[in-house]
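The structure under discussion appears below in the form of structure tokens.
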Amino acid sequence: MKFKSIKGTKDILPGEVEAWQHVERVVHRVMRDFNYREIRTPVFETTALFSRSIGELTDIVNKEMYTFLDRSEESVTLKPEGTASVLRAYIQNNLGEQSPLVKVYYMGPMFRQERPQAGRLRQFHQFGAEAIGSQSPLLDVEMTALALEIYSQLGIKQFELKINSVGCEKCRPQYKELLVAELTRIQSKLSPESQARLKQNPLRVLDSKDEGDKAATKNVPLMKDHLCTECVEHFTKVQQLLNAIGIKYAIDGRLVRGLDYYTKTAYEITSTALGSQDALAGGGRYDLLVEKLGGKPTPGVGFAAGIERLLMVLEKSGNTPKDEAGPVLFFVALDNSSLTWAFAEATKLRAKGIAVELDYLGRSVKAQMREANRQNARYVVVVGETELKSGKAKLKDMRNGGEQEISLERIDGSLQS
RNA sequence: GUGGCCAUAGUUCAGUUGGUUAGAACGCCAGGUUGUGGCCCUGGAGGUCGUGGGUUCAAAUCCCACUGGUCACCCCA
């Protein structure tokens, strides 16, 4: 027990991995139903890609990235989120030239060097989707519908969808000035943290958890009330569409996301089944980002969802799938030549797609039976000299203990799962 | 990065006001049928009590440091 996994990283062990596979299957299926295609990008990228897209002043870039110099002195970073890489790939491979709208999804590990706590790891996993090339509010809503459909198919019901509009390059700067002016006026009532935020990222003061801040900023102007006509229209349309497809939501004028690139729609799905880190998924529109990363001006929307947090909710609500899959057949061999025969036969059956297991430890019959039981094998066939000579054996059904004589020649025909 | 709590078998934990061979349950291994599991019974293996220092005749137990875990802040998935 000398080596240990790095702080904030976890092994996903047999017994746990089944739940992951279940989630992954549902994600792939729903993504396909919504016509999103999978994209896989490298786990690391040039550091500048993230600092430029996420924003120099964000916490993610400032203090949470796994950044290091490789052997050629290039600064590389383990990806802290998925959107930047996807857009880089979109631009680099000219995906926009092949079709005006690109709908892709991803699933994989992300890295952030934070202090771990409930629902937060240094290596965590997300799935997410991006729709690049359209400014239609249909897609803003499709993102939430997509995420909610995945949750619904997984049996998750404890969640809340919050939406907001963070404006665009036309209306946000004006609003920001207004907000800063107002916050400066009441600065003395703000917490030290918020006073710092006032300089760095004033919008963030709005979603402070500090009770004093909440009270002090109660009547501060909100972005959603100072949107330009284009943004108002978009936001209104998003709400209409959400209503039209029957998705429940709450407008949260204080919802601000931690990444700078969002424009117009921002949304977050939270769950009370989680601890203090209660965001299950989040996302929004990023109409300026592609251009900022060196592509043609191209609008886009996306979301990202945390798999560990999803699993936590699943666990709490008792929706974790049971892991009961065992081999269909377990050979119990009495001696060496029977073992060799069983091994050969197992190989043949496995090639036919039948899950077969046998004993590799030279154990007693009793121990082999115990092993078959522990592994949840459906059937057991005991082979010894007698069986090999006669070509017949007993097929034992481990569910009810019943035995039936079968021919060793065609075992597969006798198995029914 | 800051703070609270925690650290004893593979796992979950117990361990009396410091007192000599550190326990339980589950799990694991073996036996209880000359070739048959689940339940039950019997036995067995398995712990430098996180690490290092200190106090003491004596430390798993008290003190300090470190490491690790966990929860919270910050922020976010």
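Since we're looking at a predicted model, the values are computed, not measured. A note on names: the letters A, B, ... follow the listed sequences, proteins ahead of strands, and every chain is numbered from 1. The figures here come from the full heavy-atom set of this structure, side chains too, leaving out hydrogens, waters and symmetry mates.
- Proximity of A:Lys366 to the phosphate of B:U33: no side-chain N or O atom is located under 4.0 Å from OP1 or OP2.
- Aromatic ring pairs are classed by plane angle as parallel below 30°, tilted from 30° to 60° and perpendicular above 60°; the pair A:Tyr151 and A:Phe159 is tilted.
- Judged by distance alone, the side chains of A:Ser194 and A:Asp213 do bring a donor and an acceptor atom under 3.5 Å apart.
- Distances shown here put every side-chain N or O of A:Gln277 at or beyond 4.0 Å from the OP1 or OP2 atom of B:A77.
- Residue A:Arg363 places at least one side-chain N or O under 4.0 Å from the OP1 or OP2 atom of B:C29.
- OP1 or OP2 of B:C29 sits under 4.0 Å from a side-chain N or O of A:Arg374.
- Note: CD (A:Glu371) to C1' (B:G27) measures 13 Å, nearest angstrom.
- Annotation for A:Pro221 and A:Tyr175: closest pair O-OH, 2.9 Å, computed over non-hydrogen atoms.
- A:Leu280 comes within contact range of the sugar-phosphate backbone alone, with a heavy-atom separation under 4.0 Å but no base atom that close.
- Phosphate contact (OP1/OP2 of B:A30, side-chain N/O of A:Ser364, threshold under 4.0 Å): absent.
- At a threshold of 4.0 angstrom between heavy atoms, the contacts of A:Glu81 with the nucleic acid are absent.
- Counting non-hydrogen atoms under 4.0 angstrom, A:Glu387 reaches a base of the nucleic acid.
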Apply side chain to side chain donor-acceptor pair (under 3.5 Å) to the pair A:Thr217 and A:Arg254, showing each step before the final yes or no. CA-CA 10 Å; A:Thr217 61; A:Arg254 288 164 184 270; 3.0 Å; yes
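- Looking at heavy-atom distances under 4.0 Å, A:Glu64 makes contact with sugar-phosphate atoms alone, never a base.
- For A:Arg115, no side-chain nitrogen or oxygen approaches OP1 or OP2 of B:C74 to under 4.0 Å.
- In this entry the distance linking CD of A:Gln113 with P of B:C74 reads 20 Å, nearest Å.
- Residue-level contact check: A:Asp335 touches neither bases nor backbone, having no heavy atom under 4.0 Å from any strand.
- Residue A:Arg112 is classed as a base contact, given a heavy-atom separation below 4.0 Å to a base.
- Nucleic acid contact for A:Lys394: none, since no nucleic acid atom lies under 4.0 Å from a heavy atom of the residue.
- Using a 4.0 Å heavy-atom cutoff across all strands shown, A:Val382 reaches at least one base atom of the nucleic acid.
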